[in-house]
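A short write-up of the structure that comes next.
Only heavy atoms go into these numbers, but all of them, side chains included; no hydrogens, no water, no symmetry mates. Order of the sequence lines sets the chain letters (A, B, ...), proteins ahead of strands, with each chain counted from 1.
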Amino acid sequence: MQTKVENNKAWFLVLPVFIIVAFSAIIPLMTVVNYSVQDIFDQNTSYFVGAEWFKQVMLDSRLHDALIRQFLFSFTILLIEIPLGIGVALMMPTKGKSASLCLILVAIPLLIPWNVVGTIWQIFGREDIGLFGAFMGAIGVDYNYASDPVDAWSTVVLMDVWHWTPLVALLCYSGLRAIPEVYYQAARIDQASRWAVFRYIQLPKLTNVLIIGVLLRFMDSFMIYTEPFVLTGGGPGSSTTFLSQALVQQAIGQFDLGPAAAFSLVYFLIILLVCWVFYTTIMNMQKDK
Amino acid sequence: MAEITLNALAHSYSENPSKAEDYAIREMSHVWEQGGAFALLGPSGCGKSTLLNIISGLLEPSDGEVLFDGKRVNELKPEERNIAQVFQFPVVYDTMTVFDNLAFPLRNIGVPAHKVTSKVHEVAEILELSDQLKRKAKGLSADQKQKVSMGRGLVRDDVSAILFDEPLTVIDPQLKWKLRRKLKQIHEQFNITMVYVTHDQLEASTFADKIAVMYNGQIVQFGTPRELFENPAHTFVGYFIGSPGMNFFDAELQTDHQGHTRVMFGEHEIAIRSDVLTTLKNMAATKLRLGIRPEFVHVWDGKNDDAYQVEVDYVEDLGTYKILSFLFNGQMMKARLSEDQKVPSGQIFVSFPEQWTKVYVNEYLVEASTPMATSATQEVEDAN
């Protein structure tokens, strides 16, 4: 029998990547870990507190509320953006000048900076000078995102849908374009209905882009900060205060760096966990029985 | 089940076709009789797939009409024509099981569940897919996927015709042979009109009773494999069918002072059947192309008065037979030698039997006193 030669020299080839990742992610993350287990007053005065900050964060009811709000928000926008994105992609023209024009129009919201999006909607939703607010007033809806939590919530959701549905639509559009024409031809020969074509050809072929779309949209929406900050400032009350904003309030507003660091790590782990669960579930669903 | 008629059909992919080259299908008429197994044979880009898609309705022809059993179907969508088509690359519905894939066309037209089950099992049995029925189609190998594609064409028992668009391209050679036999069996069993597109002459002749050879957007000949071999109606058929293809050389029709007409290839007179010669005289065509199959070139062992002296260039041994290449009046030609024939070298003598020496004018065969010749002549006159 042949003996296998052990040779670990190949690890040197991984070294540059390792160094880059260390500087870009691991070392900064270690700083956070450092803060999360110590009470630091200044450069020379610090006390090791163990899991104290973590306990505090876990028991903080303000953060619990923010977490629940955050999940609610992420799932709401996913439920709207994914079907809507698929729908938009299905309706977009496939060739000619109208296709390019449509692509540009759809992509425009993606090119606008976060804080500008917040400002746009802040003005857009105002009753006195905003088109949307004035329109709602005109049709007799008592709408005020600054004082009513429900209005504030729906405006934040609407804003996110406006800003990010194009991403899902563009992903789906590229996925749809990659389906060979022959599948549609075969479906016509098999006398498949429009719904059957969607259910058995388009949707299965879109699975991969949809996984990317859902993961991206989940992570991004779970970390949302700028837009609601500019639009509602987290209010009224704390009705639109999501996790990032709660974290910023704690770290910069109150300068509680220890609990904020512990909170950051928990936050990070939640995102990782949800993505992992989601990805594994989808991959298992796709497997051949 | 239906007889498919193509009437003055033409198709162009450009919007304003002006010249003949703009057409993928040049005006043609053709009839595929009910219950036949046909092959549509031609090189890549000759319009085979276009023609098939026009029959199935995936493409609407620019001109002319498609008739199923005498009824015009131009305006009918493929889903209304009740036709089955198998494509070059297997199309399966990934997320469905093999059973659901086969049941799909039936469920789409609302066939009751118990009938679906029995029909799917019947077709799965024929295609040897019975033990795969519960598997997801995604995990199947290429040939199994293609069998599923074919199966979807076979489950509906009232289809007008089944069209195959080079269905065995992605299949391994050993399986190709098996699947082709399977198709033939299915044809015998169900008696459905089948049209099989291919660029492989062997595939065409093993599957089909009659082959339509397509060239430059037109069907140049429709006949049995034997007819295509022995009597190519167009120089392209001679060149494309057979391995190697027909020998062609340019000759001239000359009339001397006594009114004798002869066909001359340079210094050499080539013997032509007298009835063909009569037709040629009437046509007054002088530029001719002569064609003879390598199989019919007679290679003599010694000097012979009827034979031409030619120079051997080289001999290829292909195992069961040899191909002799020789120069005749500066023109390269080939002859097929049987394995036991002695290998000639240097200057040798060959002759072209009169009945196998075909004459072409403007690429079409000239032949006297058969119905085919009249039509060929007609076309030649049109072309002039």
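Per-residue counts of heavy-atom pairs under 4.5 Å with chain B were compared for A:Arg199, A:Gln191, A:Lys205; the largest is that of A:Gln191. Each of A:Pro180, A:Ala196, A:Ser193, A:Pro204 has some count of heavy-atom pairs under 4.5 Å with chain B, and the biggest count is that of A:Pro204.
Taking 4.0 Å as the cut-off between side-chain N and carboxylate O, B:Asp165 and B:Lys48 do not count as a salt-bridged pair.
Within a 6.0 Å sphere centred on CD of B:Gln189, heavy atoms belonging to other residues, nucleotides or ligands number more than 12.
In this structure, B:Arg152 contributes its side chain and B:Pro105 its backbone to no donor-acceptor pair below 3.5 Å.
Checked by atom type, the side-chain pair B:Asp100/B:Thr97 shows a donor-acceptor distance below 3.5 Å.
Interface remark: B:Val86 contributes no atoms to any contact with chain A (heavy atom separation under 4.5 Å). Only the side chain of B:Arg156 has a heavy atom closer than 4.5 Å to any heavy atom of chain A.
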